[in-house]
S.K.: 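What follows is a single structure, and I will ask about it in a moment.
By convention in this document, chain letters (A, B, ...) are assigned in the order of the sequence lines, proteins followed by strands, and residues within each chain are numbered from 1.
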Amino acid sequence: KAGVTQTPRYLIKTRGQQVTLSCSPISGHRSVSWYQQTPGQGLQFLFEYFSETQRNKGNFPGRFSGRQFSNSRSEMNVSTLELGDSALYLCASSLGQGGGETQYFGPGTRLLVL
Amino acid sequence: TQLLEQSPQFLSIQEGENLTVYCNSSSVFSSLQWYRQEPGEGPVLLVTVVTGGEVKKLKRLTFQFGDARKDSSLHITAAQPGDTGLYLCAGVRNSGYALNFGKGTSLLVT
């Protein structure tokens with residue numbers, strides 16, 4: 001079974017721009033969660049989508065948004081980029097049966113904001 | 001404020017040594033997971049513990065969940081260079097769904 005894939009793997013943007021990241025979950029998984037990983041804050045939960053609906057949301061500003069398509073693929077968008085948005089963005093997929101179930105992570109998209 | 005505090009933050013040891021990584025919180029968790037992340041990759045689940053006092057063994061790795069379900073530890077026996085990586089604990093609170101991660105322990109075995 002193919003794992004979670006994320007595109008692009010690396011991205012360089014400048015302040016004020018916007019960016020869209022993509023995540024393809026494991027086949028059959030209906031839940032996709034997004035995390036931001038930085039050396040200072042570690043892994044922080046952004047949001048989770050299940051069956052095209054945002055089911056849970058972390059404590060991030062509205063510049064961070066996402067969506068999920070009918071095939072469970074998900075995209076994350078960050079508008080008006082700030083230097084502090086430089087991070088590794090990870091998505092994880094799961095069956096969606098509830099908290100604590102196994103999440104399978106993709107390799108991440110490393111975003112650098114200049 | 002970090003919900004899960006991991007210690008130590010960094011650990012550099014020789015092959016064959018034993019080590020313990022701690023994950024502590026003031027909150028109660030319905031379950032707690034340990035992940036290992038290698039450079040350029042996403043975290044990979046090692047184990048999930050759900051019962052207070054539970055001990056799970058995975059070859060040379062021993063995981064323990066505290067009786068009160070507020071803390072956990074990971075003990076590695078006879079560490080090998082292949083154990084090098086970032087070890088993350090993550091928990092789901094009784095009232096929640098989202099995984100809350102610690103900042104991780106970066107382990108280097110040489």
S.K.: With clusters defined by side-chain heavy atoms of hydrophobic residues (ILVMFWY) lying less than 4.5 Å apart, directly or transitively, does B:Val55 cluster with B:Leu74?
M.R.: no
S.K.: Are B:Phe65 and B:Ile76 connected in a single hydrophobic cluster, I mean Ile/Leu/Val/Met/Phe/Trp/Tyr linked by side-chain heavy atoms less than 4.5 Å apart?
M.R.: yes
S.K.: Mark yes or no for whether A:Arg110, through its side chain, and B:Gly40, through its backbone, hold a donor-acceptor pair below 3.5 Å.
M.R.: no
S.K.: Could you tell me which residues in residues 78-90 of chain B have at least one non-hydrogen atom under 4.5 Å from a non-hydrogen atom of chain A, sorted by residue number?
M.R.: B:Leu86, B:Leu88
S.K.: Could you measure the distance from the CZ atom of A:Phe45 to the CZ atom of B:Phe101? Nearest 0.5 Å is fine.
M.R.: 10.5 Å
S.K.: B:Gly42, B:Pro43, B:Gly91: which one forms the most heavy-atom pairs within less than 4.5 Å of chain A?
M.R.: B:Pro43
S.K.: Atom NZ of residue position A:Lys57 - does it have more than 12 heavy atoms of other residues, nucleotides or ligands inside 6.0 Å?
M.R.: yes
S.K.: Are A:Trp34 and A:Leu11 connected, step by step, through hydrophobic side chains (Ile, Leu, Val, Met, Phe, Trp, Tyr) whose heavy atoms are closer than 4.5 Å?
M.R.: yes
S.K.: Is it possible for you to say whether A:Leu43 and A:Phe47 belong to one hydrophobic cluster, with membership spreading through side-chain heavy-atom contacts below 4.5 Å?
M.R.: no
S.K.: Do B:Gln33 and A:Gln103 meet the criterion of a side-chain donor-acceptor pair at a distance under 3.5 Å?
M.R.: no
S.K.: Hey, does A:Tyr104 have a side-chain heavy atom less than 4.5 Å from the side chain of B:Leu45?
M.R.: no
S.K.: For chain B, which residues of residues 64-76 of chain A have at least one non-hydrogen atom nearer than 4.5 Å to it?
M.R.: none
S.K.: Using a cut-off of 6.0 Å, state whether more than 12 heavy atoms not belonging to A:Arg15 lie near its atom CZ.
M.R.: no
S.K.: State yes or no: do A:Leu46 and A:Leu111 share one hydrophobic cluster built from I, L, V, M, F, W and Y residues joined by side-chain heavy-atom distances below 4.5 Å, directly or via other members?
M.R.: yes
S.K.: At a heavy-atom separation under 4.5 Å, does B:Gln37 approach chain A through its side chain, its backbone, both, or neither?
M.R.: side chain
S.K.: Between CG of A:Asn56 and CG of B:Leu99, what distance do you get to the nearest 0.5 Å?
M.R.: 10.5 Å
S.K.: Under 4.5 Å, heavy atom to heavy atom, which residues of residues 10-24 of chain B contact chain A?
M.R.: none
S.K.: Are there residues of residues 83-92 of chain A whose heavy atoms fall under 4.5 Å of chain B's heavy atoms? If so, which?
M.R.: A:Leu88, A:Leu90
S.K.: Between A:Gln37 and chain B, which part of the residue has a heavy atom less than 4.5 Å away: side chain, backbone, both or neither?
M.R.: side chain
S.K.: Hey, does the side chain of B:Lys103 reach the backbone of A:Gln41 with a donor-acceptor pair shorter than 3.5 angstrom?
M.R.: no
